[in-house]
Amino acid sequence: MRCRIHTLPSITLQALVLIVYPFFHRIKRGVFTLQLFDTNQFQQDLLAWYRSEKRDLPWRRENDPYRIWVSEIMLQQTKVDTVIPYYERFMNDFPTLQALAEAPEEKVLKAWEGLGYYSRARNLHAAVKEVQSHYGGRVPDSEKEIHQLKGVGPYTAGAVLSIAYQVPAPAVDGNVMRVLSRLFSMYDDITKASTRKMFEEIIRDIISEEDPSSFNQALMELGAVICTPTSPGCLLCPVADHCRASAEGVQELLPVKPKKKAPKTVHLQSLVLSSEDAVLVEKRPEKGLLANLWQFPMLADGEPEAMWTNYAKQRDGTVRNLTYVAHIRHVFSHLVWEIDVYKAEGSISSPEERQAWMTEAQMDEAAFPVSHQKIREEVQSSSSDR
DNA sequence: TATGCGTGGAT
DNA sequence: TATCCAAGCAT
């Protein structure tokens, strides 16, 4: 029997582990977490490492809850290196909670342009206004109140509370789940909310009451720098002695996370319609994909000449010299846009509510998604070629 | 609980 | 080139 198992393909062995594991993990965790895990020594080792090795990041140089909050929103699903320049500009544009609360949404979206997940910016803006009007401009320091703010979920609530106010609340993000999965050799699917809650309970058991800010940040830092998704640096890890996955040699198998589905493809056409020194743009719907960002008119793929002629006609306008410019592919996390780009001259007498003619200078002040930045560049290079 | 929501970089 | 991923949240 033992021989047969050793000759099984490793994929089968993994599958076996995944099937059998859920029935035993709660018992194992009880034994391991509470009895064999040396919490005090773990805290000491982790915090000593963090205090000597932590990266010097802009939001670590200050303790303003507003600034911590902004950094945490920007860091959602976004790498540190990407965030830094955005954070610096944002703090320059909106140095205080009051400044952001009083800013027009256009400016906020423009500051967020290119960062993605734009509802983060609109939710942050709304939440900051809420804090300004309802909490007298002070970011709330209770779990219940801060969690009610738009865009503040369980992770961000815990992060702001612990980092800005030293409240011993868990801040369980992807890093922390990866680290804990390995630390206790847990095969639970980390995409499930129930798993995140389990990790939050574990953190409540092992968090440093003296310095919850450093403890939470240290776990994330460890995940980002040492305990990485692929080829983790166990030889450099300050808490390798505490790590069950490392002892078992299974660190590369963890955490468990199901594969994502392939994104769907949509075929579209976009028209850059020029009149004098302006082009026609429209503001996207206020909900959903790229909400409230600007774009060039875009329609489902079809016969170009008829489609755009009809488009203009419906708005009491004309289109002439319709010319193919380029093909753009833009990949979202859940969607692929395949866009045929056209340009033309023309006019529209009856633009719709959310349409406008913009000059280049005006477009520089409006927020466009990256897909439409690409279109702008293609059209510009197509006209400068001649 | 499952899915929609961006982008750029690493492997 | 394809896939995955990164300090998640809303619905």
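Each chain gets a letter, A, B and so on, in the order the sequences are listed, and its residues count up from 1. All values below were derived from every heavy atom in this structure, side-chain atoms included, with hydrogens, water molecules and symmetry-related copies excluded.
OP1 or OP2 of B:dC5 has at least one side-chain nitrogen or oxygen of A:His334 nearer than 4.0 Å. Residue A:Arg178 has a polar side-chain atom (N or O) positioned under 4.0 Å from OP1 or OP2 of C:dA6. Note on A:Tyr117: every side-chain N or O is 4.0 Å or more away from OP1 and OP2 of B:dG4. A:His330 has a side-chain polar atom (N or O) that falls below the 4.0 Å cut-off from OP1 or OP2 of B:dT7. A sub-4.0 Å separation between OP1 or OP2 of C:dC4 and a side-chain N or O of A:Lys260 is absent.
A:Lys261 places its NZ atom 14 Å from the P atom of C:dC4, with the value rounded to the nearest Å. The CG-C1' distance, from A:Leu115 to B:dC5, rounds to 13 Å in whole Å. The interatomic distance linking A:Tyr86 (OH) with B:dG6 (C1') rounds to 10 Å, in whole Å.
With values rounded to the nearest 0.5 angstrom, A:Lys343 atom NZ is found 3.0 Å from A:Ser382 atom OG.
As rounded to the nearest Å, C:dC4 and B:dT3 have P atoms that lie 16 Å from one another. Rounded to a whole angstrom, the distance from the P atom of B:dG6 to that of C:dT3 is 22 Å.
Here the nucleotide nearest the side chain of A:Thr156, chosen from C:dG8, B:dT7, C:dA6, is C:dG8. Nearest nucleotide to the A:Lys79 side chain, out of B:dT7, C:dG8, B:dG8: B:dG8. Checked against C:dG8, C:dC9, B:dT7, the side chain of A:Gln77 finds its nearest nucleotide in C:dG8. Among the nucleotides B:dT7, C:dC4, C:dC5, the one closest to any side-chain atom of A:Lys259 is C:dC4. Closest approach to the A:Thr230 side chain among B:dT11, B:dG6, C:dC9 is made by B:dT11 (side chain taken as heavy atoms from C-beta onward). Comparing B:dT1, C:dA10, C:dG8 against the side chain of A:Ala193 picks out B:dT1 as the nearest. Across C:dC5, C:dC9, B:dT11, the shortest atom-to-atom separation from the side chain of A:Pro229 is found for C:dC5. Listed nucleotides: B:dA2, B:dT11, B:dG6. Nearest to the side chain of A:Phe332: B:dG6.
The environment of A:Lys150 atom NZ is sparse: at most 12 non-hydrogen atoms of other residues, nucleotides or ligands sit within 6.0 angstrom. Heavy atoms of other residues, nucleotides or ligands lying less than 6.0 angstrom from CZ of A:Arg89 number more than 12.
With hydrogens and angles ignored, no donor-acceptor pair under 3.5 angstrom links the side chain of A:Thr82 to the base of B:dG8. One cannot find a donor-acceptor pair under 3.5 Å joining the base of B:dG6 and the side-chain atoms of A:Ser371.
No contact: A:Arg284 has no heavy atom under 4.0 Å from any strand. Within 4.0 Å of A:Gly114, counting heavy atoms only, lie sugar-phosphate atoms of the nucleic acid but no base atom. Residue A:Trp59 is in base contact, counting any heavy-atom pair closer than 4.0 Å across all strands shown. A:Val331 comes within contact range of at least one nucleobase, with a heavy-atom separation under 4.0 Å.
Along DNA chain C, the nucleotide nearest A:Lys150 and the nucleotide nearest A:Glu72 are compared for position; the residue whose nucleotide lies closer to the 5' end is A:Glu72. For A:Lys287 and A:Gln217, each mapped to the nucleotide of DNA chain C holding its nearest heavy atom, the one lying further toward the 5' end belongs to A:Gln217. Along DNA chain B, the nucleotide nearest A:Lys192 and the nucleotide nearest A:Gln76 are compared for position; the residue whose nucleotide lies closer to the 5' end is A:Lys192.
Between the side chain of A:Gln41 and the main chain of A:Asp38, no donor-acceptor pair closer than 3.5 Å is present. Between the side chain of A:Arg182 and the backbone N or O of A:Cys227, at least one donor-acceptor pair lies under 3.5 Å.
With ring centers used as reference points, A:Trp337 lies under 6.0 Å from A:Phe332.
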